[in-house]
Amino acid sequence: HEINNPVSFIVGNLEPLQVKLDDLREAATRHDDAELVELVDRVRGIFETIGRGAERTAGIVQDLRTFSRVGDAMRAPCDVHESLEVSLRLLKPKWDQRITIERAFADLPRIQAVPGQINQVFMNLLGNACDAIADRGTIRITTTRGDDEVRIAIADDGAGIPHELVGRIFDPFFTTKAQGQGTGLGLSISHGIIEDHGGRIDVETRVGEGTTFTGSLPLGTSSPAQLR
């Protein structure tokens, strides 16, 4: 809310400013003032850049609101693909220009879940996938539907996890990242959320080839979920 107010003020005042600039350019053209026309065009370009930045900020705020769903502790219809896309947009600085995102989305129904918690799971898994790729690579997101569940697989072609560490990755405070780069809570929290929803999370990994995390979630239930 505190961010949206000034952003709305900026966006709301850009249009009348653009109108005034158009009037000024028209007057400069009538008087054959080429220097003023050029100056107006430069200023208009600056305002267009400001407008795009304000719209981008508003989009980020909306994504953050969708991600957090503050106060929403009850299960509700949740669009898995929307949650994935919101997470990807919020994580864009991690993957943009270096990681290719591939999607293989099935036709999924909405599931009964706590949307904020499901968003948190996807943020953790996708963030880890980005971190696993040191330079350039690919993340492939695949969704499928079973008889009574949906499955979401997030695969990276990064470093992979050594076999002797796989059994510990869901332990609280355990991390394979360098000191200061991870809390070791992301996978533990994600595992707990998936289990609270009656699902499961599996991992397949090979050193030097990459890792795939697959979350399975039941299609529907009306019972409330606990916040973790």
Side-chain angles (χ1 to χ4, degrees), residues 62-92 94-95 101-132 139-156 161 165-177 182-205 210-228:
Q62 181 58 46
D63 285 344
L64 286 170
R65 290 179 64 186
T66 301
F67 171 75
S68 62
R69 301 288 178 90
V70 176
D72 183 4
M74 296 296 292
R75 295 186 183 181
C78 177
D79 186 329
V80 167
H81 295 152
E82 178 188 8
S83 294
L84 286 165
E85 295 297 346
V86 166
S87 298
L88 285 170
R89 288 196 294 269
L90 292 175
L91 287 168
K92 190 172 182 178
K94 277 181 171 283
W95 58 263
I101 306 296
E102 296 182 351
R103 300 166 177 82
F105 288 173
D107 184 13
L108 299 183
R110 291 175 179 265
I111 63 171
Q112 289 292 322
V114 182
Q117 293 183 356
I118 297 302
N119 291 343
Q120 185 176 4
V121 171
F122 292 155
M123 281 285 287
N124 286 334
L125 296 181
L126 288 166
N128 283 346
C130 291
D131 292 340
I139 294 174
R140 183 173 179 81
I141 309 169
T142 305
T143 62
T144 54
R145 176 180 178 176
D147 292 336
D148 57 358
E149 67 179 12
V150 298
R151 291 181 289 273
I152 306 97
I154 297 173
D156 66 70
I161 304 170
L165 300 181
V166 173
R168 301 179 58 195
I169 59 174
F170 295 116
D171 293 347
F173 304 109
F174 177 79
T175 179
T176 60
K177 298 178 182 179
T183 63
L185 289 173
L187 285 178
S188 176
I189 291 172
S190 298
H191 185 270
I193 289 173
I194 294 292
E195 284 198 334
D196 279 351
H197 281 76
R200 66 186 186 280
I201 184 167
D202 302 305
V203 59
E204 296 180 11
T205 184
T211 302
T212 301
F213 283 94
T214 302
S216 301
L217 291 164
L219 284 175
T221 179
S222 59
S223 61
Q226 298 176 351
L227 283 173
R228 297 184 69 86

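Along the sequence shown, residues are numbered consecutively beginning with 1.
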Between [X] and [Y], which heavy-atom pair has the shortest distance, and what is it?
X: L217; Y: I118; result: CD1-CD1, 3.9 Å
X: C78; Y: P115; result: SG-CA, 4.3 Å
X: S83; Y: N119; result: OG-OD1, 2.8 Å
X: T212; Y: A153; result: CG2-CB, 4.1 Å
X: P77; Y: Q112; result: CG-NE2, 3.6 Å
X: A129; Y: D156; result: CA-OD2, 3.8 Å

For this session: Inspect the surroundings of CD in E204 and state if more than 12 heavy atoms from other residues, nucleotides or ligands are less than 6.0 Å away.
Result: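 Count not over threshold, so no.
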Using a 4.5 Å cut-off on heavy atoms from C-beta on, say whether the side chain of [Y] contacts that of [X].
X: R103; Y: L84; result: no
X: T211; Y: V203; result: yes
X: K94; Y: D131; result: yes
X: H197; Y: I194; result: no
X: L88; Y: W95; result: yes

Exercise. Can you list the residues that meet the side chain to side chain donor-acceptor pair (under 3.5 Å) rule with R110, with sequence neighbours excluded?
Worked result: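 Partners of R110 under the side chain to side chain donor-acceptor pair (under 3.5 Å) test: none.
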For this session: Verify side-chain contact (heavy atoms from CB on, under 4.5 Å) between I193 and V114, making sure each step is shown before the conclusion.
Result: CA-CA 9 Å; I193 289 173; V114 182; over 6 Å; no
Separation between [atom1] of [X] and [atom2] of [Y], rounded to the nearest 0.5 Å:
X: H81; Y: F122; atom1: NE2; atom2: CZ; result: 8.5 Å
X: D202; Y: R200; atom1: CG; atom2: CZ; result: 5.5 Å
X: I152; Y: S216; atom1: CD1; atom2: OG; result: 7.0 Å
X: R151; Y: T144; atom1: CZ; atom2: OG1; result: 4.0 Å
X: H191; Y: I189; atom1: NE2; atom2: CD1; result: 13.0 Å
X: E85; Y: I141; atom1: CD; atom2: CD1; result: 7.0 Å

Problem set entry | Stepwise side-chain contact (heavy atoms from CB on, under 4.5 Å) test for I154 and N128 | CA-CA 10 Å; I154 297 173; N128 283 346; over 6 Å; no
